[in-house]
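Below you'll find the structure, written out as structure tokens, and then a few comments.
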Amino acid sequence: TQLLKQSPQFLSIQEGENLTVYCNSSSVFSSLQWYRQEPGEGPVLLVTVVTGGEVKKLKRLTFQFGDARKDSSLHITAAQPGDTGLYLCAAESRGSTLGRLYFGRGTQLTVWP
Amino acid sequence: NAGVTQTPKFQVLKTGQSMTLQCAQDMNHEYMSWYRQDPGMGLRLIHYSVGAGITDQGEVPNGYNVSRSTTEDFPLRLLSAAPSQTSVYFCASTPTGTGTGERYFGPGTRLTVT
């Protein structure tokens with residue numbers, strides 16, 4: 001059973017385009033994290049969202065946590081080749097102490113110059 | 001700080017062989033965990049530890065053992081390797097008490113079992 005469903009699985013776009021990646025679940029989460037992973041390296045945290053409806057911006061990246069804390073989205077404005085990578089969402093179940101962090105299967109983004 | 005370090009970076013085993021994947025962190029993080037990453041499967045939690053002497057199972061613990069004798073080290077042992085354990089293994093550590101739960105990942109060990 002897949003706790004976190006990410007879509008799309010693959011995304012290939014031209015430089016300058018906008019895109020949105022989704023992370024959905026039927027479970028409620030106390031927090032949700034977004035990571036980016038480049039080939040041959042471990043994932044690196046981009047952002048953590050905690051409050052339902054929360055919006056966080058990181059330069060051209062905008063992260064939103066759903067009101068019900070079951071889903072999240074990542075929007076990239078004017079994508080650049082440097083944005084290429086595997087984007088992973090991850091979440092710990094509501095009420096859980098620091099224990100199990102579940103990951104989605106990821107969205108592989110390729111931005112062409 | 002070196003952060004999270006993993007050795008070896010690459011390893012090839014034959015079915016039935018045993019080995020230990022090493023993981024160390026110098027950030028004094030209490031929480032450490034092991035994940036495996038397979039194509040199209042994301043990262044799946046194998047085992048985790050909330051402190052020295054305490055370990056627990058994750059989603060896919062079968063075939064793997066762990067121990068945590070010090071805060072710094074969290075080795076992962078494969079007692080009898082199987083081809084299904086071919087994967088990339090990531091170790092991660094997390095500071096407790098900060099509230100964010102950020103996992104700091106090592107560079108990974110790419111394991112092939114033939």
Side-chain angles (χ1 to χ4, degrees), chain A residues 1-11 21-25 27 29-51 54 56 58 63 65 69 85-108, chain B residues 2-10 21 23-25 27 29-51 54-61 87-111:
Chain A
T1 304
Q2 192 178 351
L3 187 64
L4 292 166
K5 294 186 178 180
Q6 286 189 244
S7 61
Q9 185 177 359
F10 298 97
L11 196 52
V21 174
Y22 300 93
C23 177
N24 297 295
S25 177
S27 299
F29 300 110
S30 58
S31 65
L32 191 140
Q33 301 173 5
W34 284 94
Y35 290 80
R36 182 169 73 195
Q37 184 179 21
E38 299 191 16
E41 299 180 6
V44 176
L45 181 71
L46 295 174
V47 76
T48 300
V49 285
V50 178
T51 306
E54 182 176 5
K56 280 192 174 179
L58 187 65
F63 303 86
F65 200 14
R69 292 193 288 181
L86 179 66
Y87 289 81
L88 296 156
C89 66
E92 294 187 84
S93 297
R94 184 179 187 184
S96 169
T97 56
L98 191 61
R100 299 185 178 195
L101 185 71
Y102 296 96
F103 281 83
R105 295 185 178 183
T107 293
Q108 181 62 55
Chain B
V4 180
T5 58
Q6 292 184 239
T7 56
K9 194 164 180 64
F10 300 93
L21 279 64
C23 174
Q25 53 93 8
M27 298 175 283
H29 290 171
E30 290 293 324
Y31 180 95
M32 297 184 74
S33 52
W34 276 102
Y35 287 85
R36 59 176 290 172
Q37 186 174 35
D38 303 294
M41 294 297 293
L43 285 96
R44 291 182 292 171
L45 182 65
I46 305 172
H47 285 285
Y48 65 98
S49 169
V50 298
I54 306 170
T55 64
D56 205 348
Q57 296 181 350
E59 303 170 72
V60 288
S87 186
V88 182
Y89 291 85
F90 288 99
C91 178
S93 72
T94 304
T96 53
T98 65
T100 65
E102 174 180 359
R103 269 52 170 181
Y104 292 81
F105 285 88
T109 293
R110 185 175 296 273
L111 175 68

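Numbers restart at 1 for each chain; the letters A, B, ... are given by sequence-line order, proteins then strands. Everything numeric here is computed off the predicted structure, so don't read it as measured data.
Closest approach of A:Q33 to B:E102, counting heavy atoms only: NE2-N, 3.8 Å.
No side-chain heavy atom of A:L101 sits less than 4.5 Å from a side-chain heavy atom of B:Y48.
With a 4.5 angstrom heavy-atom cutoff, B:Q37 touches chain A only via side-chain atoms.
B:F90 meets the ring pair (Phe, Tyr, Trp, His ring centres under 6.0 Å) test with no other residue; sequence neighbours excluded.
Among B:R44, B:K9, B:R110, B:Q57, the residue with the largest count of heavy-atom pairs under 4.5 Å with chain A is B:Q57. The choice from A:G42, A:A90, A:G104 that makes the most heavy-atom pairs within less than 4.5 Å of chain B is A:G42. Looking only at heavy-atom pairs under 4.5 Å with chain A, the residue among B:A92, B:G58, B:S49, B:G108 that has the most is B:G58.
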Pairs under 3.5 angstrom only: tabulate donor-acceptor contacts from the side chains of residues 4-11 of chain A to other protein residues two or more places apart or in another chain.
{"from": "A:Q6", "atom 1": "OE1", "to": "A:C89", "atom 2": "N", "distance (Å)": "3.0"}
{"from": "A:Q6", "atom 1": "OE1", "to": "A:G106", "atom 2": "N", "distance (Å)": "3.0"}
{"from": "A:Q6", "atom 1": "NE2", "to": "A:Y87", "atom 2": "O", "distance (Å)": "2.9"}

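Judged by distance alone, with hydrogens and angles left aside, the side-chain atoms of A:Y35 form a donor-acceptor pair with the main-chain N or O of B:R103 at under 3.5 Å.
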